[in-house]
Amino acid sequence: MFGFGKGDTNALTMNTAHPDSLLDTSAQDVIGKPLDRVDGPKKVSGQATYAAEYALDDVAYGYLVRATVGTGKITDLDASVARAMPGVIDVITDYATFLRNPQQGGETSAPTQGVEDVAYHGEIIAIVVAESYEAARDAAEQVKVTYAPGEGRYSFLAHREEAEKPSTQQIPPHHKQGDVDTAMAEAVHTIDVTYTTPSQNSAAMEPHASLAVWQDGALTLYGAYQMPASDKLQLAKSLGVSADKVRIVAAFVGGGFGSKLGIAPESVAAAIAAKRLGRPVKAVMARQQVFDATVRRSNTEQRMRLGADADGRLTAIGHETLVSNLPGEDFFEPAGVATHFLYEGENRLITHDIVRLDWMLAGSMRAPGEAVGLIALEGAIDELAEKIGIDPIELRRRNEPREDPEKKVPYSSRALIPCLERGAEKFGWAQRKPAGTDRRGDWLYGIGVASAARSNMLQKSAAKVSIDGQGKAHVETDMTDIGTGTYTILAQITAEILGLPLEDVIVHLGDTDAPPGAGSGGSWGAGSSGSSVYLACEALRGQIAKAMGVAEDAMTLKDGRVIADNRSVPLAELVGEGMEATGQIAPGKQEQLFNQASYGAHFAEVAVNVVTGEVRVKRMLGVFTAGRILNAKTARSQCLGGMTFGIGCALTEELVHDPRNGKIVNRDLGEYHVPVNADVPQLEVEFLQERDIHANPLHAKGLGEVGICGAAGAIGNALYNATGVRVRDYPLTLDKLLEGLPAV
Amino acid sequence: MHFTINGQSYQAEPDIRTSLLDLCREHLGLTGSKKGCDHGQCGACTMLVNGRRINSCLSLAVMHQDDEIVTIEGLGTPEDLHPLQSAFVRHDGYQCGYCTPGQICSAVGMLDEVRKGWPSHVTGDLDAPRFNDDEISERMSGNICRCAAYPNIVDAIREVAEADGTVDIALRQTVEAGA
Ligand code: FES
Ligand code: FES
């Protein structure tokens, strides 16, 4: 039923601005509204089907076996005991084909394969397949693996001097402009500090899962994926089959936050086992395996240098970051990515270098770069304001650039200062007291601010929209909804442009038999996939006008009727056998001609217990601009999620690597502390009106990540304001505060 | 063995190692309850057993002969939602939806605990307990939502509790009765 069929293709490459949007001229009035999610009733009643839940016949259960050394070579894998256990079908491995680690997002090649030479503790080396989950799990414990242990590099501190420059990718690892050293020497005010952040895990609530089934040499994999279009190519390459023999289905995904951008080891293990057995195999990672063998956000060590004149105008910005990753893996956490364009300053040095470690793969986690980079930048700005003795918001105002300070191109739209000012007013910023002076009983109170910024991206994306004989519209793309609200906003865009009630739009997502979408990642989903749907609907408007015999702009579409020429005709009567069109968006010159980003301002109030050092977030406000808001309700939720990630990042989240073997010590949700309900106050979110005509025809920018960018920094700054203690080693746990707290 | 799940009778002979969660998900086709950790650390698997909320991943199926079990499927359907289910939709008390069945089952059990007058860690004054946002957050902290719909979850539960009308009053009465 899917695929490019008859009908138009309406393709657009964003080489110029798109000043007019059909979303402004159409009449249905559903766009932007705080509508309930269209997939909501299914989700709240347990009827939404996630990867491991497809009811196929004759499914065998797979349980993954992990390596228990940090590095080394497998010399023997004795599965005789495991194979003899009741219910066990087989113990399967394929050293050459199994994935050493997951792939990064958007790649079209296979990830690094080969597991005989163990690259990190927890690497997946085999799969036990049994008639039941319990039998497979039990038997996996009985697989005896012998290793010739290797020499490993497991300590960041021990190897930090050996950092190397990564190869140039989308984001250049090094940028130098002017002379930071000289500018620092000449500056009136300077800051030279080092912030550190630990490894983190996305910890999406749905563990990675694959249900693989082969039929006639073709694989269908029900998986937990953010980007099925490229995941399909990665899977095909890994298995050595052609891409047209692989189909991925990911209709519902239980969160991703970067961890499901690329394929993970369980996919290939399930596919190989299913092929050997000739029956479907389900492989779900145990939570501990998600921690061991998917991706982590890299730890960072960030040296921040700021130099300013007497008025606080920046003359120098240095942001030099060390991150870690496996040998041969080029991804680096781009901590300085927003530092490139957030503030004025003629002399700039922004670098990233990788310390090669035998730790699990480092990859994308929500807002790779800004999420931890803005801890350092916004912390240092706060420190500079304190040193100069001016208000931190005023300092930011004085350093507001008129254009991109490096590329010297204009901003497509930028409302950082209005966000800061609106937030200050709403949050009661004027009541802020000097650091360490607001004591109420055993608690010290403080408030802090930080800027939010996240680059806007557009990705190639396609969608087909058809109208059936009943006048209902069907949207088809392999785009995903990982909690982001895609089902709902694509329905709203379609309903708006085609003039349909929302319930007359049916959205099918996450099936690679449909046109390839952008996938969910990098906050590009709504802008990219939404634009492809926009373009398909635009083409359909043309077809409808033709059928009506009127000019397109003389026609109004509303409530399922076509109104023009003093006539009002039900859409269903005009479509005949049905209409369809495909829309396709692609990034173009606009990316180079303008600096495009979403902005915001975070405000946080914390209370710190003087006796225990316990930190509680009391209030938090985020004011954001991200172009047109497509659904006020789901947009707010995205920001709540980001801000809460910020709370975890600031206060509790830290993956601990055993320095003897790189093993993740705290590999479950009892030991890796993500925020729970009681850690999170009733957060406030506000959006300022904005349209970005340079971004896409929707005039919308990315929203899924801007909520985390700067959030942890605002909490850190609030904590300083409360206590007068500046902790630069994140997370800000009580042990690091106690020494600096006043006597009880 | 015999189980009553969502008012229906089920016969099954589970492996002694099978959790109540896996019995439902893998053997009875009831996949509404989710597995997030299998260790009692996330709450995604929360069900109601004889009216009380439990982490079904931590309970063996063989311990539940003749128990009355309610899963998310038993609370309501997309066409006929339970008040908490529709409040979650209205307040966007979810994003990816994976923790959601557990959140809702947990909220049902939690409100019942409040009605019975059970205090929580944040109940300040046992003589005049107040059911407020802090109580909801505290009592719902066994259910992790990584998408972090927490403020909306609190809004949804508060709205239902208020409309229900029994929660606050019942809590006072029980305490006055010296329970
Ligand atoms: S799956 Fe039972 S508590 Fe997490
Ligand atoms: S809705 Fe995604 S984890 Fe709660």
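In this text, all values refer to a predicted model and were calculated from it rather than measured experimentally. Each chain gets a letter, A, B and so on, in the order its sequence line appears, and its residues count up from 1. The figures here come from the full heavy-atom set of this structure, side chains too, leaving out hydrogens, waters and symmetry mates.
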A.B. asks: In terms of heavy-atom proximity below 4.5 Å to chain A, should B:D92 be classed as side chain, backbone, both, or neither?
C.D. replies: both
A.B. asks: Would the distance check show the side chain of A:D668 and the main-chain N or O of A:G670 forming a donor-acceptor pair, the cut-off being under 3.5 Å?
C.D. replies: yes
A.B. asks: Can you say whether A:I482 sits under 4.5 Å from chain B via the side chain, the backbone, both, or neither, judging by heavy atoms?
C.D. replies: backbone
A.B. asks: In plain terms, say whether B:R17 and B:D15 are close enough for a salt bridge, that is, a side-chain N and a carboxylate O under 4.0 Å apart.
C.D. replies: yes
A.B. asks: Under 4.5 Å from any heavy atom of chain A, what part of B:T77 do you find: side chain, backbone, both or neither?
C.D. replies: backbone
A.B. asks: Enumerate the salt bridge (Lys or Arg N to Asp or Glu O under 4.0 Å) contacts for residues 634-649 of chain A, please, sequence neighbours excluded, ordered by first and then second residue.
C.D. replies: none
A.B. asks: Out of B:H91, B:R90, B:H27, which one racks up the most heavy-atom pairs below 4.5 Å with chain A?
C.D. replies: B:R90
A.B. asks: Among the options B:T100, B:L84, B:I144, B:D155, pick out the one with the most heavy-atom pairs lying under 4.5 Å from chain A.
C.D. replies: B:I144
A.B. asks: If you count heavy-atom pairs within less than 4.5 Å of chain B, which of A:S637, A:S132, A:G641 leads?
C.D. replies: A:S637
A.B. asks: Quick check: does any side chain N or O of B:D112 sit under 3.5 Å from a backbone N or O of B:G109, one acting as donor and the other as acceptor?
C.D. replies: no
A.B. asks: Above 12 or not: heavy atoms from other molecules or residues under 6.0 Å from CD of A:Q682?
C.D. replies: yes
A.B. asks: Between A:P675, A:G256, A:G485, which has the largest tally of heavy atom pairs under 4.5 Å with chain B?
C.D. replies: A:P675
A.B. asks: Heavy-atom cut-off 4.5 Å, strictly under: side chain, backbone, both or neither for A:S202 against chain B?
C.D. replies: backbone
A.B. asks: So what's closer than 4.5 Å to chain B heavy atoms on A:A286: side chain, backbone, both or neither?
C.D. replies: neither
A.B. asks: Name the member of B:G32, B:C99, B:G97 that forms the most heavy-atom pairs with chain A at distances under 4.5 Å.
C.D. replies: B:G97
A.B. asks: Is the closest basic N to carboxylate O distance between A:K633 and A:D36 below 4.0 Å?
C.D. replies: yes
A.B. asks: Side chain, backbone, both or neither: which part of A:E53 has an atom under 4.5 Å from a heavy atom of chain B?
C.D. replies: both
A.B. asks: Among A:Q638, A:R366, A:K42, single out the residue with the greatest number of heavy-atom pairs under 4.5 Å to chain B.
C.D. replies: A:Q638
A.B. asks: Counting only heavy atoms closer than 4.5 Å, note whether A:A203 contacts chain B via side chain, backbone, both or neither.
C.D. replies: both
A.B. asks: Do the rings of A:Y50 and B:Y98 sit parallel, tilted or perpendicular, given the 30° and 60° boundaries?
C.D. replies: perpendicular
A.B. asks: With only heavy atoms counted, which part of B:L81 is less than 4.5 Å from chain A, the side chain, the backbone, both or neither?
C.D. replies: side chain
A.B. asks: Could you tell me whether A:D57 atom CG has more than 12 heavy atoms of other residues or ligands within 6.0 Å of it?
C.D. replies: no
A.B. asks: Under 4.5 Å from any heavy atom of chain A, what part of B:I153 do you find: side chain, backbone, both or neither?
C.D. replies: side chain
A.B. asks: Using the six-membered ring wherever Trp is involved, compare the ring planes of A:Y63 and A:Y133 and label them parallel, tilted or perpendicular (cut-offs 30° and 60°).
C.D. replies: tilted
A.B. asks: Which of the residues A:I647, A:T484, A:D138 is involved in the greatest number of heavy-atom pairs with chain B at under 4.5 angstrom?
C.D. replies: A:D138
A.B. asks: Among B:P78, B:C42, B:S19, B:C147, which has the most heavy-atom pairs under 4.5 Å with chain A?
C.D. replies: B:P78
A.B. asks: For the residue pair B:R146 and A:F645, would you count it as a cation-pi contact if the rule is NZ or CZ under 6.0 angstrom from the ring centre and within 45 degrees of the ring axis?
C.D. replies: yes
A.B. asks: Taking A:A55, A:G255, A:P207 one by one, which has the highest count of heavy-atom pairs under 4.5 Å against chain B?
C.D. replies: A:P207
A.B. asks: If you tally heavy-atom pairs under 4.5 Å against chain B, which of A:T49, A:V284, A:T644, A:V290 wins?
C.D. replies: A:T644
A.B. asks: What residue among A:Q200, A:R287, A:E653 forms side chain to side chain donor-acceptor pair (under 3.5 Å) with A:Y672?
C.D. replies: A:E653
A.B. asks: Does any backbone or side-chain atom of A:V674 lie under 4.5 Å from a heavy atom of chain B? Answer side chain, backbone, both or neither.
C.D. replies: both
A.B. asks: Relative to chain A, which of B:K35, B:M140, B:E138 shows the most heavy atom pairs under 4.5 Å?
C.D. replies: B:K35
A.B. asks: Checking the side chain of B:R139 only, and the main-chain atoms of B:M110 only, is there a donor and an acceptor separated by less than 3.5 Å?
C.D. replies: no
A.B. asks: Taking the side chain as every heavy atom from C-beta outward, state whether A:S210 and A:Y225 have any atom pair closer than 4.5 Å.
C.D. replies: yes
A.B. asks: Give, as side chain, backbone, both or neither, the part of A:A135 having an atom under 4.5 angstrom from any heavy atom of chain B.
C.D. replies: both
A.B. asks: Can a salt bridge be assigned to the pair A:K282 and B:E26 using a cut-off of 4.0 Å between side-chain N and carboxylate O?
C.D. replies: yes
A.B. asks: Does the pair A:R619/A:E684 count as a salt bridge with the N-to-O cut at 4.0 Å?
C.D. replies: no
A.B. asks: Answer with side chain, backbone, both or neither: which region of A:Q288 has an atom nearer than 4.5 Å to a non-hydrogen atom of chain B?
C.D. replies: side chain
A.B. asks: At a 4.5 Å cut-off on heavy atoms, which part of A:P34 comes close to chain B: side chain, backbone, both, or neither?
C.D. replies: neither
A.B. asks: Can you tell which part of B:R25 gets under 4.5 Å to a heavy atom of chain A, answering side chain, backbone, both or neither?
C.D. replies: side chain
